[in-house]
Amino acid sequence: MHNPGRAKVLSPSEQEHLFETIAKHRHPEKNLAIMLLSFKLGLRPTEIALLKVKDAVTLGNGNREFSLNENLLLDNARIEAHKKSKKSKLKRQNLSFAPDDFHEIVKQIEDRVRLGEKIRPEDFYPAKAANSETERHIKLDNAQLVRALQDYLKLRLDKGENITPDCPLFISQKGGTYSPNTLQEHMALMLRDWAGIANASAHSGRNTYEYYKRQLPVSVQSERTTGISWQEKPTFAIEKERLAFVEEAEVCD
């Protein structure tokens with residue numbers, strides 16, 4: 001049974017149907033590349049929307065030729081800057097304290113009250129954990145994804161577009177940058193309206209990727225092979241595990 005609070009995990013046949021359906025609709029090169037980044041690398045809609053050309057390819061010959069990079073770059077600083085730009089004021093809604101820290105904070109408040117000092121709650125908020133990893137490098141080793149990215153960028157160059165390293169990797173139908181929300185809606189449209197996959201959402205690709213990654217031995221996961229085989233288990237067993245995974249899959253953006 002589908003959990004309405006979770007993004008649907010697609011079976012191999014549903015994924016194949018999705019990709020075949022995309023090929024029959026408008027802008028197949030771009031849309032296929034977008035969805036493969038989600039299903040083959042587990043990227044979130046926000047991460048895909050904020051990708052730049054330089055994150056995936058190296059341009060040459062006056063930006064009229066390109067070669068695909070070995071690794072896809074995810075710039076965490078760029079993603080965090082986008083998240084902060086959406087909030088005019090930082091709001092902390094949920095706070096967590098260790099017991100000893102909580103007692104220490106209470107003591108500090110008592111001391112300030114005795115001294116007649118003004119108490120500001122935000123002065124006692126725990127520090128937000130810092131992400132020391134400013135970049136992530138994800139190996140581009142899925143053959144289907146590599147072909148899709150190459151086809152899409154070649155199409156843009158063949159149309160005479162002036163592509164620079166800082167251009168968005170994916171452009172909207174109007175030629176502008178996708179906002180994460182717009183791309184999220186577009187990905188959901190492809191899944192639910194075009195492919196007719198009920199209960200799917202823009203996060204289904206990431207959840208599907210995470211689910212099938214769990215099915216691989218650790219040694220295979222670390223090698224990041226070009227394809228995932230589901231032939232080692234009977235179909236009914238795969239489907240049973242897939243449905244169970246939906247109950248615990250986390251959705252976040």
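The closest side-chain heavy-atom distance from I22 to I34 is not below 4.5 Å. The shortest side-chain heavy-atom distance between F66 and V53 does not fall under the 4.5 Å cut-off. A heavy-atom distance below 4.5 Å is not found between the side chains of S201 and K8. Side-chain contact check for L149 versus L72: every heavy-atom pair is 4.5 Å or farther apart. Using a 4.5 Å heavy-atom threshold, the side chains of E135 and N76 count as separate. Side-chain contact between R214 and E210 is absent, with no heavy-atom pair separated by less than 4.5 Å.
Classified by interplanar angle (parallel below 30°, tilted 30° to 60°, perpendicular above 60°), the ring pair F39/F19 is perpendicular.
The hydrophobic clustering, which links ILVMFWY residues whose side-chain heavy atoms are closer than 4.5 Å, places L155 and I163 apart. I109 and F102 end up in the same hydrophobic cluster when Ile, Leu, Val, Met, Phe, Trp and Tyr side chains are linked at under 4.5 Å.
Separation of atoms CD1 (I138) and CG (N71) is listed at 9.0 Å; rounding is to 0.5 Å. Atom CD of Q150 is separated from atom CG of L68 by 5.5 Å, given to the nearest 0.5 angstrom. A distance of 11.5 Å separates CZ in R78 from OG1 in T134, rounded to the nearest 0.5 Å. In this structure, the separation between CZ on R136 and CG on L43 is 6.5 Å, given to the nearest 0.5 Å. Summarising the geometry, atom CG belonging to D123 is positioned 10.0 Å from atom NZ belonging to K118; distances are rounded to the nearest 0.5 Å. In this structure, CD1 in I119 is found 10.0 Å from CD in Q108, a value given to the nearest 0.5 Å.
Closest non-hydrogen pair, L36 versus A148, comes out as CD1-CB, 3.7 Å. Shown here for T21 and H17, the closest heavy-atom pair between the two residues is OG1-O, 2.7 Å. Scanning both residues, S204 and A7, for their nearest heavy atoms gives N-CB, 3.7 Å. Of all heavy-atom pairs spanning P168 and T177, the tightest one is CG-OG1, 3.6 Å. In plain terms, the two heavy atoms of F170 and A33 that are nearest each other are CE2-CB, 3.7 Å. Between P180 and T46, the shortest heavy-atom distance links the atoms CB-OG1, 3.6 Å.
N142 contributes no side-chain N or O that, together with a main-chain N or O of K40, makes up a donor-acceptor pair within less than 3.5 Å. A donor-acceptor pair under 3.5 Å links the side-chain atoms of D55 to the main chain of K52, judged by distance alone. A distance-only check finds no donor-acceptor pair linking the side chain of R206 to the backbone of S38 [under 3.5 Å].
The side chain to side chain donor-acceptor pair (under 3.5 Å) test applied to K30 returns Y178, not counting sequence neighbours. In this view, E65 and N61 satisfy the side-chain contact (heavy atoms from CB on, under 4.5 Å) rule, not counting sequence neighbours. Not counting sequence neighbours, the partners of L115 by the side-chain contact (heavy atoms from CB on, under 4.5 Å) test are E117.
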Determine whether H137 and L73 satisfy the following criterion, side chain to side chain contact (heavy atoms under 4.5 Å, CB included), listing intermediate values before the conclusion. CA-CA 5 Å; H137 297 267; L73 171 67; 3.6 Å; yes
Determine, stepwise, if the pair Q184 / H203 fulfils side chain to side chain contact (heavy atoms under 4.5 Å, CB included). CA-CA 8 Å; Q184 182 169 317; H203 301 281; 4.0 Å; yes
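A salt bridge (Lys or Arg N to Asp or Glu O under 4.0 Å) check over residues 158-177, counting only residues at least two apart or in different chains, returns the pairs K54-D166, K154-D158, R156-E161.
Under a cut-off of 6.0 angstrom, the local environment of CD in E110 is crowded, with over 12 non-hydrogen atoms contributed by other residues, nucleotides or ligands.
Cluster partners of L50 are I79, counting Ile, Leu, Val, Met, Phe, Trp and Tyr whose side-chain heavy atoms approach within less than 4.5 Å, directly or via other members.
Looking at L169, L37, L41, L74 one by one, the single match for side chain to side chain contact (heavy atoms under 4.5 Å, CB included) with I48 turns out to be L37.
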Taking only distance into account, with no hydrogens and no angle test, what donor-acceptor pairs under 3.5 Å do side-chain atoms of residues 185-198 form with protein atoms, sequence neighbours excluded?
unit_1	atom_1	unit_2	atom_2	d
H186	NE2	N31	OD1	2.7
R192	NH1	A200	O	2.6

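At a threshold of 4.0 Å, the pair K107-E104 does not count as salt-bridged, since none of the basic side-chain nitrogens sits closer than that to a carboxylate oxygen.
Side chains of N63 and T164: a donor-acceptor N/O pair is absent below 3.5 angstrom, by distance only.
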